[in-house]
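Report on the following structure.
FYI, side chains are in, hydrogens and waters are out, and symmetry mates aren't considered; it's all heavy atoms of this structure. Here the structure is a predicted model, which is why all the values come from computation and not from measurement.
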Amino acid sequence: MLRKRLLILTVPVLALCGTRAGAVSLPAAVDRVSPRVDTVAATGGADSTAIATEADSTAGRGDSTVRVSGWERFKRFFTESNQEKRDKKFDFSIIGGPFYSNDTKVGLGLVASGLYRMDRNDSLLQPSNVSLFSSVATSGFYMVGIRGANIFPHDRYRLNYVLYTFSFPSSFWGIGYDMNVDNANASRYTRKQNQVKVDFQFRVARNLYLGPVVSFDYVDGLRFERPELLEGQRPSALSLGAGFVLNYDSRDVMTNAYRGWYVRLEQYAHPGWLGNRDVYGSTDLIVDYYQRLWRGAVLAFDLHTQHNYGTVSWAMMAKMGGSYRMRGYYEGRFRDRNLTEIQMELRQHIYNRHGVALWVGAGNVYKNFKTFRWDHTLPNYGIGYRWEFKKRVNVRLDYGFGRRQSGFLFQINEAF
């Protein structure tokens, strides 16, 4: 039976605001760089209390400084932390707290995020973002990583990156829908993974970017209860890939778009001469659209499809579930060579820094187009709470429902 995991975020209880003018401090808000894994905690468990802070600071001109008391910092967090701070080189914040889940047990998660501009005189330039994320739990689960999107002056170039390592006591149901849908196939194992992914994009036309992308993945599956579910494959997998990314981006703001399009096509090759034992290719496509409706309402649409061809290991197959799509499904329970998923979300601002979101979606994993079956399509829907942590950067608490499974998710930034 699927183990559910739960995290409930309460209102931040500690806040420290500001940074010294000109000081270099920690990084930023998360945008999309796939795959996304900076989850403070996944699905499942019990109440927890989050702690939000902003970097300790002094502000002033010349050699003079103005010291701010802890109580003033606390008040400013709730009144000013979501206001744009163009006078800062780095608008930096930390949020985190304890969590509990059936799989990871008691743990502590922390995300440090910040926004910055490479050209502070360009008012039209979107802010770059970067975030550091980490979690640790008594079960032996740990994760640490960094991700970000750096926008160069005049938006001529973009650099996207994600680096992380984690160890997770997880479950494995095998490969393919027929195996995955059978609860009796659930078996325990430990997944250790390291990933580095970087792309550098050149603007080739208005809102259109093209550039190279490289990736490194190493997955080590340990202590499989039922190794026969691997179908003779090795428990470890190394994948080195190179290719290109084509990106059309007309969103007004990357971290919380109100309007525009986002279309991202990634094409990879994983050839033998790079040291790959499994030689395969992969294509990943994202199509997002955002439209304002009535006052305070945004309708967001997301289509994602991933296709692998060649000799693909169990660890590199397309996986359903997680913090961004098919929310509420155990990430990796449903896996196969190909995946298609779609979702639509209504985001409504309610009052001050508070908002809600409702979404519906569906997804399907399949070996190839010949084996695609409509009755294997899995439903998804849910409701979420939004709190504006920084300017156009939301903390979200989502509760997602799937077929005979559900779960809470806590994350920074919108799901898409």
Side-chain angles (χ1 to χ4, degrees), residues 30-37 147 149 158-162 177 195 197-215 217 239 241-251 254 257 259-270 280-291 299-310 312 315-327 329 331-332 334-345 359-374 376-378 380 413-416:
V30 182
D31 187 47
R32 68 173 66 250
V33 184
S34 299
R36 292 161 161 170
V37 295
R147 69 164 63 239
R158 292 184 174 186
L159 174 67
N160 299 302
Y161 53 90
V162 58
Y177 176 88
Q195 184 187 81
K197 181 178 178 181
V198 180
D199 70 66
F200 189 84
Q201 303 175 21
F202 301 81
R203 190 178 67 194
V204 295
R206 178 180 173 83
N207 299 325
L208 186 64
Y209 305 84
L210 175 67
V213 58
V214 294
S215 67
D217 274 287
S239 178
F244 71 87
V245 55
L246 180 64
N247 184 20
Y248 178 82
D249 189 358
S250 64
R251 295 172 296 174
M254 290 189 297
R259 63 181 182 274
W261 286 87
Y262 179 83
V263 181
R264 182 183 177 95
L265 173 66
E266 295 180 9
Q267 180 64 55
Y268 283 96
H270 304 82
Y280 70 103
S282 59
T283 303
D284 196 282
L285 174 65
I286 297 170
V287 179
D288 292 346
Y289 175 68
Y290 308 88
Q291 175 65 55
L299 183 66
F301 169 85
D302 171 63
L303 168 68
H304 173 240
T305 185
Q306 181 181 344
H307 302 276
N308 298 290
Y309 27 89
V312 188
M316 302 305 166
M317 289 184 174
K319 296 180 289 293
M320 182 180 292
S323 301
Y324 301 92
R325 298 181 177 93
M326 301 299 287
R327 286 164 277 176
Y329 283 90
E331 183 173 8
F334 289 89
R335 71 175 69 209
D336 211 327
R337 299 170 67 91
N338 303 295
L339 164 69
T340 299
E341 49 197 350
I342 188 172
Q343 60 183 329
M344 184 175 294
E345 184 169 279
W359 79 86
V360 294
N364 197 313
V365 296
Y366 46 99
K367 183 177 181 180
N368 52 52
F369 289 108
K370 292 181 179 180
T371 61
F372 180 91
R373 292 179 56 183
W374 285 105
H376 288 178
T377 300
L378 297 167
N380 183 229
N413 284 327
E414 297 295 341
F416 58 95

Between W359 and R327, is there a cation-pi geometry (under 6.0 Å to ring centre, at most 45° from the normal)? yes

For Q343 against R325, the heavy-atom pair lying closest together: NE2-CG, 3.4 Å

Quick one: CG on D284 to CG on L265, what's the gap to the nearest 0.5 Å? 8.5 Å

Going by distance alone, is a donor N or O of one side chain under 3.5 Å from an acceptor N or O of the other, for Y268 and T283? no

Heavy-atom nearest pair, A149 first then M254, reads CB-CE, 4.3 Å

What are the two closest heavy atoms between N160 and Q201, and how far apart are they? ND2-NE2, 3.0 Å

I need the Y248 OH to L208 CG distance, nearest 0.5 Å. 8.5 Å

Between I342 and F301, which heavy-atom pair has the shortest distance, and what is it? CD1-CE1, 3.5 Å

State yes or no: are the ring centers of F369 and H307 separated by less than 6.0 Å? yes

Polar side chain donor-acceptor pair, S250 to N207, under 3.5 angstrom: no

Backbone of Y280 reached by a side-chain donor or acceptor of H270 within 3.5 Å: yes

What about the rings of Y366 and F372, do their centers lie closer together than 6.0 Å? yes

For residues Y177 and T371, is any side-chain donor paired with an opposing acceptor at under 3.5 Å? no

Taking A242's backbone N and O only, do any of them form a donor-acceptor pair with S215's side chain (distance below 3.5 Å, no angle check)? no

Looking only at heavy atoms, the pair that brings N308 and N338 closest together is N-OD1, 3.4 Å

Does NZ or CZ of R203 lie under 6.0 Å from the centre of the six-membered ring of Y209, at an angle within 45° of the ring axis? no

Is the closest side-chain donor-acceptor distance between Q291 and Y289 under 3.5 Å? yes

Out of the candidates R264, R158, R206, only one should pair with D249 under the salt bridge (Lys or Arg N to Asp or Glu O under 4.0 Å) rule; please name it. R158

Rounded to the nearest 0.5 angstrom, the CG-CE distance for N380 and M326 is 4.5 Å

Measure the CG-CG distance between L378 and N364 for me, rounded to the nearest 0.5 Å. 7.0 Å

Quick check against the 3.5 Å criterion: does Q267 have a side-chain atom that pairs as donor or acceptor with the backbone of S282? yes

Provide the closest heavy-atom pair for G211 versus F202 in the form atom of the first, atom of the second, distance. CA-CD1, 4.4 Å

